[in-house]
Amino acid sequence: MSGRGLFGRIDWLTVFLYLFLVLIGWVNIYSTTLSDPNLSIFDFSTLYGKQLLFIGMAISGVLLVLFIETNFFERFASIFYIISIVLLLGLFPFGRTIAGATSWYDLGFFNLQPSELAKVATALALAKFLSDIQTDIKKPKHQLFAVIIILLPALLILPQPDPGSALIYFSLFFVLFREGFPLYYLAILLFLVILFATTLMFGTVWVAIGLAVLTVLVYTFKKASTKIPFIPVLGIIVVAVLYSLSVNFVYENVFEQRHRDRFALWLSLEKDESKLEEIRKTIGYNTYQSEKAIESGGFFGKGFLEGTRTKGDFVPEQHTDYIFSSVGEEWGFVGTGTVILLFTIFFLRLIHLAERQKSEFNRMFGYGVISILLFHYFINIGMVIGLLPTIGVPLPFFSYGGSGLIFFSMLLFVFLKLDSNRLKDGI
């Protein structure tokens with residue numbers, strides 16, 4: 001076993017799944033951006049031609065990663081993190097604004113989005129900190145430091161403004177919970193999210209009534225031997241009601257009208273069907289057209305290059321955030337089902353690889369990779385089919401863009417490199 005070379009140790013199933021997803025993504029980018037069939041696929045003035053160039057750059061980056069010494073990534077994890085923070089800070093004076101967000105550096109031939117690099121660096125830094133022999137995730141000070149590692153880049157990305165990219169960093173909390181972060185933090189977070197949504201849907205009065213009824217039911221049906229102190233429960237109810245009141249204040253006075261419209265659409269807050277339909281066709285235009293494109297594809301789809309909504313540019317950003325809608329229109333349920341199946345196998349394989357790691361750093365970084373990619377996948381698909389509001393999150397390996405593809409690829413292959421080292425000495 002120890003004599004096996006790198007390419008004999010790497011997990012080829014994951015590599016093939018990665019290449020297949022990239023290929024299917026490029027085919028759909030070609031379909032959504034083709035304007036002149038006479039142009040060569042290697043015409044780099046076209047978006048599909050540029051994506052081929054980005055694929056080449058990604059593969060070059062992957063090869064570089066595979067030939068670097070494995071301990072390099074753990075040793076310099078903190079340095080990578082610091083560099084990524086400096087690059088994010090540099091966007092404020094030197095960044096280029098595209099589509100209202102100052103998230104890129106203009107390198108002439110290429111726009112670099114440092115938030116993508118920061119995802120790799122943050123996953124490495126978090127794994128480095130958690131795997132340190134002196135770190136005890138049960139201690140509050142270490143919990144706080146781990147949370148700061150995750151939130152610092154997110155807080156720098158949020159004012160660009162790029163809330164979609166900032167939200168992705170919260171996926172790394174999954175790594176914390178996997179490594180022993182107290183689960184009651186997750187319960188508190190879920191409670192706050194549910195309270196936020198129910199306040200918008202029903203109002204603070206009904207939230208207070210619901211909490212009171214729930215409390216009465218708990219005390220009525222609890223076992224006689226179970227002791228539940230009333231004062232702490234009352235304190236939780238008071239805090240929950242105050243939080244509910246703050247939700248209304250933030251919604252009315254902090255959120256802009258476009259944000260309120262998106263929540264109104266997502267949670268069906270608008271009861272007037274005609275107004276809701278108007279919002280769906282204006283603020284929710286992208287999602288509305290995306291749903292229609294997928295619906296029009298039926299079971300088998302309209303066929304490659306035959307998507308009428310794709311060719312008519314009905315769906316904005318169809319080659320980037322909404323690329324999954326082109327799969328639905330041209331390849332139908334069979335195509336979307338196949339893509340979802342490929343991603344499912346891909347993620348299950350990554351979980352298997354992460355669980356078999358003997359090194360804590362490798363395992364934690366592996367779960368960081370899974371968390372980031374899985375969060376992107378769920379949010380993007382949910383956004384495209386209308387289950388989640390539009391926040392501008394690309395589909396990994398599919399969506400058009402150099403920074404995303406290159407750093408998604410490097411994120412994945414750093415982990416595959418770490419995994420290959422596990423087999424180097426027959427472990």
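Quick note: numbers below take in every heavy atom, side chains included, and nothing from hydrogens, waters or symmetry partners. Computed from a predicted model, the values in this text were never measured in an experiment.
- Thr122 contributes no side-chain N or O that, together with a main-chain N or O of Ile150, makes up a donor-acceptor pair within less than 3.5 Å.
- Closest heavy-atom contact between Val393 and Met383: O-CE, 3.7 Å.
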Between Leu172 and Ile372, is the side-chain contact (heavy atoms from CB on, under 4.5 Å) condition met? List the steps. CA-CA 7 Å; Leu172 291 172; Ile372 291 171; 4.0 Å; yes
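- Between Ile406 atom CD1 and Ile59 atom CD1 the span is 11.0 Å, to the nearest 0.5 Å.
- To the nearest 0.5 Å, atom CD of residue Glu74 and atom CG of residue Asn362 are 7.5 Å apart.
- The backbone N or O of Leu107 lies less than 3.5 Å from no partner atom in the side chain of Asn111, so there is not a single donor-acceptor pair.
- Side chain of Ser403 to main chain of Gln113: a donor-acceptor pair is present (N/O by atom type, distance under 3.5 Å, no hydrogens or angles).
- The side-chain hydrogen bond (donor to acceptor under 3.5 Å, both in side chains) pairs that include a residue from residues 46-67 number zero, where partners must be two or more places apart or lie in different chains.
- For Phe408 and Phe398, the distance between ring centers is not under 6.0 angstrom.
- A distance of 16.0 Å separates CZ of Arg309 from OG1 of Thr32, quoted to the nearest 0.5 Å.
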Yes or no on ring pair (Phe, Tyr, Trp, His ring centres under 6.0 Å) for Phe365 and Phe73, after CA distance, side-chain angles and deciding distance? CA-CA 10 Å; Phe365 180 71; Phe73 302 107; 8.0 Å; no
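- Applying the side-chain hydrogen bond (donor to acceptor under 3.5 Å, both in side chains) test to every pair with at least one member in residues 331-354, sequence neighbours left out, gives these pairs: Asp11-Arg349.
- Residues Leu87 and Pro114 share a closest heavy-atom pair of CB-CB, 3.9 Å.
- Counting only N and O atoms by type, the side chains of Thr135 and Asp132 include no donor and acceptor under 3.5 Å apart.
- In plain terms, the two heavy atoms of Ala146 and Leu130 that are nearest each other are CB-CD2, 4.4 Å.
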Would you be so kind as to tabulate the donor-acceptor pairs closer than 3.5 Å made by side chains of residues 192-203, with sequence neighbours excluded?
residue: Thr198; atom: OG1; partner: Ile194; partner atom: O; Å: 2.8
residue: Thr198; atom: OG1; partner: Leu195; partner atom: O; Å: 3.1
residue: Thr199; atom: OG1; partner: Leu195; partner atom: O; Å: 2.7
residue: Thr199; atom: OG1; partner: Ser244; partner atom: OG; Å: 2.8

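- A salt bridge links Glu355 to Arg178: one of the charged nitrogens lies within less than 4.0 Å of a carboxylate oxygen.
- Of the N and O atoms on the side chains of Tyr18 and Ser409, at least one donor lies less than 3.5 Å from an acceptor on the other residue.
- In this structure, Leu52 CG and Leu47 CG are separated by 11.5 Å, a value rounded to the nearest 0.5 Å.
- For the pair Phe413 and Leu416, the minimum side-chain heavy-atom distance is below 4.5 Å.
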What verdict does the ring pair (Phe, Tyr, Trp, His ring centres under 6.0 Å) test give for Phe397 and Phe346, after you've listed the backbone C-alpha separation in whole Å, the side-chain angles of each residue and the deciding distance to 0.1 Å? CA-CA 12 Å; Phe397 314 127; Phe346 176 76; 5.8 Å; yes
Check the pair Ile379, Ile168 against side-chain contact (heavy atoms from CB on, under 4.5 Å), reporting the backbone distance first and the verdict last. CA-CA 9 Å; Ile379 290 179; Ile168 297 300; 4.3 Å; yes
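- Taken to the nearest 0.5 Å, the CG atom of Asp36 stands 9.0 Å off from the CG atom of Asp43.
- At least one side-chain heavy atom of Phe92 sits less than 4.5 Å from a side-chain heavy atom of Pro159.
- Here Phe94 and Tyr105 keep their ring centres 6.0 angstrom or further from each other.
- Between the side chains of Thr320 and Ser399, no donor-acceptor pair of N or O atoms lies under 3.5 Å.
- Aromatic rings from Phe347 and Tyr377 are positioned such that their centres are separated by under 6.0 Å.
- Ring geometry for His319 versus Tyr400: interplanar angle of 30 to 60°, hence tilted.
- Checked by atom type and distance alone, the side chain of Ser420 pairs as donor or acceptor with a backbone atom of Lys417 at under 3.5 Å.
- We find the CZ-CD1 distance between Phe20 and Ile345 to be 10.5 Å, quoted to the nearest 0.5 Å.
- At least one donor-acceptor pair under 3.5 Å links the side chain of Gln143 to the backbone N or O of Ile137.
- Side chain to side chain, Thr102 and Gln160 fail the donor-acceptor criterion of an N or O pair below 3.5 Å.
- Side-chain contact between Thr14 and Leu412 is present, with heavy atoms from C-beta onward closer than 4.5 Å.
- A distance below 6.0 Å separates the ring centres of Phe181 and Tyr185.
- Asp419 and Arg9 are not joined by a salt bridge, as no carboxylate oxygen comes within less than 4.0 angstrom of a charged side-chain nitrogen.
- Between Glu179 and Arg363, at least one side-chain N (NZ, or NE/NH1/NH2) sits under 4.0 Å from a carboxylate O, which counts as a salt bridge.
- With a 4.5 Å cut-off on side-chain heavy atoms, Tyr169 and Leu126 do not count as touching.
- A donor-acceptor pair shorter than 3.5 Å can be found between the side chains of Thr308 and Lys302.
- Note: Tyr81 and Phe76 fail the aromatic proximity criterion, with ring centroids not under 6.0 Å apart.
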